[in-house]
Structures are given as C-alpha cells and as structure tokens.
Asks: 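First, the structure itself, so that you have it in front of you.
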There are 2 protein chains.
Amino acid sequence: MTNDNRTEQEFLSSYNVHDYDVPLTSVDLVIFTLREQALQVLLVRRSDHPCKGKWSLPGGFIDVHRDKTLDDAALRKLREKTGVQTPYLEQLQGFGSASRDPRGWSATFAYFALISSDDIQLQHGGTADAAQWFTVAENLCSADLAFDHGEILAAAITRLRDRTENSSMPVHLLPAEFTLTDLQRVYELVLGRPVDKSAFRKRIKEGDFLEEIPGKMRHASNRPAQLYRLRAGHPALTLMRRIGGDAKA
Amino acid sequence: MTNDNRTEQEFLSSYNVHDYDVPLTSVDLVIFTLREQALQVLLVRRSDHPCKGKWSLPGGFIDVHRDKTLDDAALRKLREKTGVQTPYLEQLQGFGSASRDPRGWSATFAYFALISSDDIQLQHGGTADAAQWFTVAENLCSADLAFDHGEILAAAITRLRDRTENSSMPVHLLPAEFTLTDLQRVYELVLGRPVDKSAFRKRIKEGDFLEEIPGKMRHASNRPAQLYRLRAGHPALTLMRRIGGDAKA
DNA sequence: CAAATAGTGTCTGTAAGACACTATCAG
DNA sequence: CTGATAGTGTCTTACAGACACTATTTG
C-alpha cells in the first residue's frame, strides 16, 4: 500500500519513525590542538556502559529537538566540551556497522576540529565526564579506545596530514596572531619532518591567506618577528601547490 | 540512574532504541558512468511520498537486519539498481538536518560510485522505480531533484573533478580494457578541458597502475593502439603528481 | 600513395628545495 | 662586540606543458 493516491499530508500523518528498526545515529569529534609543543587530541573517559571506563572521542547522539543540522550537532558537542565557539570544523567520514556498538546497529558522523589552545576552557563538573588531552602518537590509535574510535582517530590524523601537505589548514591550530616561524613549526610538527624556511615562506605568501599586522612585532633577544593573522573574510581553507595546467581554461 | 553499578549485560537488557527520538538514517548513491560520449548519473523517479514524482538519487534506509556495514548497505543498493557487483565505491559525505525530509530529522550517508557502462544491467519491473541516466551538466544540480539531492550531486561532481586532477580515479569509468587515448578522453570529459597527450601519457606511465595487455591491440583504419588494463592487485586509487619534498623522510 | 590516429622527443618556463647570505634585535 | 633568530637571494634541478615530429596501420 505504498503506491496509492494519498496526498503527502495523508502519508505523513500515518508515518511513524518508531514503527521501524533504525540505526542509532551519533556524532563524534576528533578535536586537535597544540599543547606542550605537541599535537594533542581530546579524549573523554566513559562514565557508563557501554565501554565504561574506556577513553573515547567526545560525541553523542543527535538531539533531534535541539540540533537543526549535523554541523549544529557537532558544534554543540564541541562547545559543551571545550567552550570554543568558532573552531575550524569539517566533516571527516561516516562509520557504521551492526557491531560497533553493543546496543545495536550504529552509525556515526565523525567530525574533525582544530582549535587554538588559547581558546580552550575545558568544562568540568556537572554531567561532564573526565576529559583529558593526549599527545598524538602512532600507538594512540591502537590503544584500547572505546568502540571503533581508534580507527576514527587514525582516519583523522591521516586527513590532517594530507591537508597539511597542500593547504592552509594548520593555521587553525594557532592563536589569532603568530609569526611565520610559529606556523612553520606547526607544519613540521604535523608532518613529522623538517621544512625548508625559504620555500615555506614563498608558498605561504603566495597562498595569500595571511596578512601582516601593521607594525606589530614579537620581540625577543634577537631580530623581532612580524606578526601575522588570517586575512579577514577569506575561506577557512586555502589550497596551495595548485595543480599544473590552467585549471580554469 | 546512568552512573550506577550495573554490569554491561544489565545495562543492555534495559536499553531500547525505540525509547528515544532518533533520526531517520539512509544511504544515497551517486552513480556515474560513461554513456553516449558523456558523463552520466543514474536517477530514480520516486513512486511515492515524500517528493512523489521527482527524480532522486537511488538509495534508501539502512536495513539493520541485512546490512552489516554502511558500505554493505551502499553496495546492496547499487546492485539492486544496476546489477554491478564490484564498482569503484567510496563514501562521499554525510548530509543531515531537521528539514531535509518531511518525515522528520533525517541523515544520509552519500556514496559515490563509478561503473563501466558495459557492466550495467538496469533492473526494471517489480518494485523497482523508473530509473534513467542523465547527462551531468551544471543545470542538473539545480534541477528540481528530491530532498537535497541536488546539493549531494553537486558535491559528488566536485569530488570527481578534484580526484581526476590528481589520481587514477577515472579509469573506473571505462571497461576492463582500453587504450591510453580512451583514458585521456575520459579525463578531458570530466575536467572539461583538453589535456596534453605527451604530458598525460608520461604521468599515467609514471603512476604505474596500468599494464599493457601483451600483444593485444585495437585496430582501426590507422595505426593500432595498445590496449591496457588495471594492474592486478593494485589499489583502486593511485595518486599522481606526488607532492614535492621527500614525503617519506 | 593519403588519411588518420598512435606514440615519442625536444625545448622551455616555472617553481621548489638547498643553502648561504644579510638584517636586526637583546644584552 | 656576540649570539640568536628573522627574513631574503641565488643556484640548481626536476618536471609539466607546448608542440612538432615519427610510426604504423587501412584503404
């Protein structure tokens, strides 16, 4: 009886989500920042079943009454955990299977956030679980994380490295004002290899997503360094190393 | 009462998905192929509400009893529509909001498939809705497709073009055996611009994902062309135009 | 032979990496 | 002055695009 002549109105009034077996649907976040001269990720200890006691990515079910969109749901979780209002946020990948959660068929939209450690105010107490920053290392993904969160974390690290090879992404790990040397250190940290200063600066300037802060320098016991900031109104991500040929022709 | 001392077993026995308001969760497919010298995409006319009568991407709800994983769900939909068993399939992006489906909060995992038109056997009759191939053009995304499928289609086209710039992806649009000129035509079609023959062939050979089929040529009223095929056991996607520097150091 | 497409060789500009050089501060 | 880091210039090499050239078939 699905192909009759009911109006859409009639159809909808007879439709009830609860009549069907549906997957659990959640949002999980991989939140990166720079702390203690290292790339770190935020994990939360689960205070309840399933996976009680294990470390997990922050996240949870979509609240169909409060969240208008998937991005809203991710932003809400991020703000609840870190207090950060306007992070760099992008969708990473979906993960779903019959077996990843013992409560039943489960699917999650994994997100990927970069924030400056200056902006963080970890939310403690109340219903918040214990949250802690972990330095990103190869063995962290194979640690005994909850659900398939090790796999999600590995995918996030891969994505961050890939984007670092050819985009401005890592700027979002820094505070609003920084020197080019600061930025170079971030690239080196994420890529795990040294980067040539001259070539790096050429590429960044060419990308044209930064601007000098007029007259503002950082002083130390050496030549002062020009401070830069993101050029206002520019996209959050600028691709560099444009591909050969004339991509517009 | 979430933080008590129940065992996981006790917890699960009291847990019921139907106690909560959950989003509808589905899988949608953007299936590309080459037909009539053009890049085409498969759309299905909806035979029922909502969006009755509109063209939509093939897809549907996850069947928590038949599908073990998200990828399984996508593969099942693809086989049901096209009969293709082993396509190139990758996850595209998740889309979800309170408003994209009038039945309620809805989220979808969009997938992205490339198939050779040689392999297609469109499934007609039975419960299958009318399916039809449409040539990909800019205006197709802004046509009046069901739900937010125009947006999903646009994202898929963007992804295909991006990958075509720097990977072997387009080979999956061709039959198992093809000439280098065939392949070049595909790249040109997807990118919408001419590609230099010499540079193209250098890059493809360097990518090392193809092999000559020994002694097998395609004959016409001109010099015969060597036929190639995917090198067995190689990954479905090979990146070309490797990034500068020494990415392994 | 001509026509047609397959396939290759050569030149050139551009840009990235390497690395040395200069600049400018504190103390 | 020295030490330290900021910032730039120069050289070399690799490679993609442009484009002309050769090769091999049918008819």
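Owing to the predicted nature of the structure, the values given are computational and were not obtained by experimental measurement. Chain letters run A, B, ... following the sequence lines, proteins first, then strands; residues in each count from 1.
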Asks: Round to the nearest Å and state the distance from B/Q184 atom CD to C/dT8 atom C1'.
Replies: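 Atom-to-atom, B/Q184 to C/dT8, this comes out as 14 Å.
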
Asks: Please report, rounded to the nearest Å, how far the P atom of C/dC21 is from the NZ atom of A/K197.
Replies: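 That distance rounds to 14 Å.
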
Asks: Figure out the CZ/P separation between B/F200 and C/dT5, and round it to whole Å.
Replies: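 Checked: the CZ to P distance equals 18 Å.
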
Asks: Going by side-chain hydrogen bond (donor to acceptor under 3.5 Å, both in side chains), name the residues that satisfy it together with A/Q132, two or more places apart in sequence or in a different chain.
Replies: none

Asks: Check whether any side-chain nitrogen or oxygen of A/K205 sits under 4.0 Å from OP1 or OP2 of D/dT8, and answer yes or no.
Replies: yes

Asks: Among pairs that include at least one residue of residues 188-230 of chain B, which meet ring-ring contact (aromatic ring centres under 6.0 Å, His included), considering only residues two or more places apart or in two chains?
Replies: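 Every ring-ring contact (aromatic ring centres under 6.0 Å, His included) pair that includes a residue of residues 188-230 of chain B, provided the two are not neighbours, is B/Y187-B/F200.
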
Asks: Let me check the geometry of the helix from C/dC1-D/dG27 to C/dG27-D/dC1. What is the bend angle between the axes at its two ends, five pairs each, to 10°?
Replies: 10°

Asks: Could you state the CZ-C1' distance from A/R201 to C/dA20, rounded to the nearest angstrom?
Replies: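 For the pair A/R201 CZ and C/dA20 C1', the rounded distance is 15 Å.
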
Asks: Excluding sequence neighbours, so at least two apart, what forms side-chain contact (heavy atoms from CB on, under 4.5 Å) with B/Q93?
Replies: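 Result, side-chain contact (heavy atoms from CB on, under 4.5 Å) vs B/Q93: A/Q91, B/F95, B/A155.
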
Asks: Taking only residues two or more places apart in sequence, or in another chain, which ones meet B/D208 in a side-chain hydrogen bond (donor to acceptor under 3.5 Å, both in side chains)?
Replies: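 B/D208 satisfies side-chain hydrogen bond (donor to acceptor under 3.5 Å, both in side chains) with B/R231 once adjacent residues are dropped.
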
Asks: Let me know the distance between CG of B/N166 and C1' of D/dC15, rounded to the nearest Å.
Replies: 16 Å

Asks: Taking for each residue the nucleotide of DNA chain D bearing the nearest heavy atom, is the 5' side occupied by B/H219 or by A/R185?
Replies: A/R185

Asks: Under 30°, 30 to 60°, or over 60°: which ring-plane class applies to B/F109 and A/F109, parallel, tilted or perpendicular?
Replies: parallel

Asks: Residues from residues 221-231 of chain B sitting under 4.0 Å of DNA chain C, heavy atoms only?
Replies: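 When residues 221-231 of chain B is checked for heavy atoms under 4.0 Å from DNA chain C, the hits, listed by number, are B/N222, B/R223, B/P224, B/A225, B/Q226.
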
Asks: Return the value, rounded to whole Å, for the distance between atom CD of A/E165 and atom P of C/dG17.
Replies: 10 Å

Asks: Grab the CZ-P distance between B/R203 and D/dA18 for me, whole Å please.
Replies: 13 Å

Asks: What residues form a side-chain contact (heavy atoms from CB on, under 4.5 Å) with A/K197, not counting sequence neighbours?
Replies: A/Q184, A/R201

Asks: If you measure from the Lys or Arg side-chain nitrogens to the Asp or Glu carboxylate oxygens, is any gap between B/R163 and B/E90 under 4.0 Å?
Replies: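 Here B/R163 pairs with B/E90 in a salt bridge, since their nearest N and O are under 4.0 Å apart.
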
Asks: Give every residue pair that meets the salt bridge (charged side-chain N to carboxylate O under 4.0 Å, His left out) criterion with at least one member in residues 170-182 of chain A, sequence neighbours excluded.
Replies: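 Every salt bridge (charged side-chain N to carboxylate O under 4.0 Å, His left out) pair that includes a residue of residues 170-182 of chain A, provided the two are not neighbours, is A/E177-A/K216, A/D182-A/R218.
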
Asks: Looking at residues at least two apart in the chain, or sitting in another chain, which of them share a ring-ring contact (aromatic ring centres under 6.0 Å, His included) with B/W55?
Replies: B/F134

Asks: Could you work out, with side-chain contact (heavy atoms from CB on, under 4.5 Å) as the rule, every residue matching A/D119, not counting sequence neighbours?
Replies: A/V84, A/S116

Asks: Restricting both atoms to N or O, compile the protein contacts to nucleotides 9-12 of chain D shorter than 3.5 Å, with distance only.
Replies:
{"from": "D/dG9", "atom 1": "O6", "to": "A/S198", "atom 2": "OG", "distance (Å)": "2.6"}

Asks: Suppose we screen for side-chain hydrogen bond (donor to acceptor under 3.5 Å, both in side chains). Which residues come up paired with B/R100, at least two apart in sequence or across chains?
Replies: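 With neighbours one apart ignored, the set is B/S106, B/D148.
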
Asks: Within this structure, what is the CZ-to-P distance between A/R218 and D/dA4, rounded to whole angstrom?
Replies: 19 Å

